[in-house]
Amino acid sequence: EAGVTQFPSHSVIEKGQTVTLRCDPISGHDNLYWYRRVMGKEIKFLLHFVKESKQDESGMPNNRFLAERTGGTYSTLKVQPAELEDSGVYFCASSQTMNTEAFFGQGTRLTVV
Amino acid sequence: GQSLEQPSEVTAVEGAIVQINCTYQTSGFYGLSWYQQHDGGAPTFLSYNALDGLEETGRFSSFLSRSDSYGYLLLQELQMKDSASYFCAVRFFSSGSARQLTFGSGTQLTVLP
């Protein structure tokens, strides 16, 4: 069974540009989460989808970040326009239910220069 | 809000036993999880405690005391491959029924030969 996959693995963009990260959860997992780890600090929660609905987006830093999960399968996280402080590793995770453990993808390392 | 405290670094030798402590402050506490992350890799689930006491899985054990808001991860018979970052994470109720996972800053474990 395929795990959580994220694309791209690395992205280097200039300040002001747009980047879209993609996450494919484990098949059948209704719950999809986005997390971010900046400069070796804690892994911070961004938002949580249940199927195509945003269950909790309290961790989204500002309106430059837009997450979607049309159809309740894969999800995208768009950063527009990107700022230097957006650099970090963006992780996606999925779980079958809210009570079961989440499985993480390898992450996308975003560098904004 | 939620906060977790864990040591930033721990060093030990092969074959030794290491305990990584985690204290937390959160409302709506549901459980404490531990994750392992090797450099550049996905956080990997190790254990989960929802009730007080010790959970043992092979060389790894995890303990929780809800009254003390404290838990630890115990690694026995350390091996070189155990060198990694270890994160404690609290699962708590958020936005009604949603159970969000919030991570600590991670403990970098270095195992020496």
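Note that these values count all heavy atoms, side chains included, but never hydrogens, waters or copies made by symmetry.
Heavy atoms closer than 4.5 Å to chain B are found in the side chain of A/Tyr35, but not in its backbone. Contacts between A/Ser95 and chain B at a heavy-atom distance below 4.5 Å are absent for every atom of the residue. With a threshold of 4.5 angstrom between heavy atoms, A/Ala102 approaches chain B through its backbone and through its side chain. With a threshold of 4.5 angstrom between heavy atoms, B/Gln37 approaches chain A through side-chain atoms but not through N, CA, C or O.
The line from CG of B/Asp82 to CG of B/Leu109 is 7.0 Å long, rounded to the nearest 0.5 Å. Distance check: A/Leu21 CG to A/Thr76 OG1 gives 9.0 Å after rounding to the nearest 0.5 Å.
Ring geometry, A/Tyr33 versus A/His48: the interplanar angle falls under 30°, so the pair is classed parallel (tilted spans 30 to 60°).
In summary, A/Glu101 and B/Arg91 engage in a salt bridge, as defined by a charged side-chain N under 4.0 Å from a carboxylate O.
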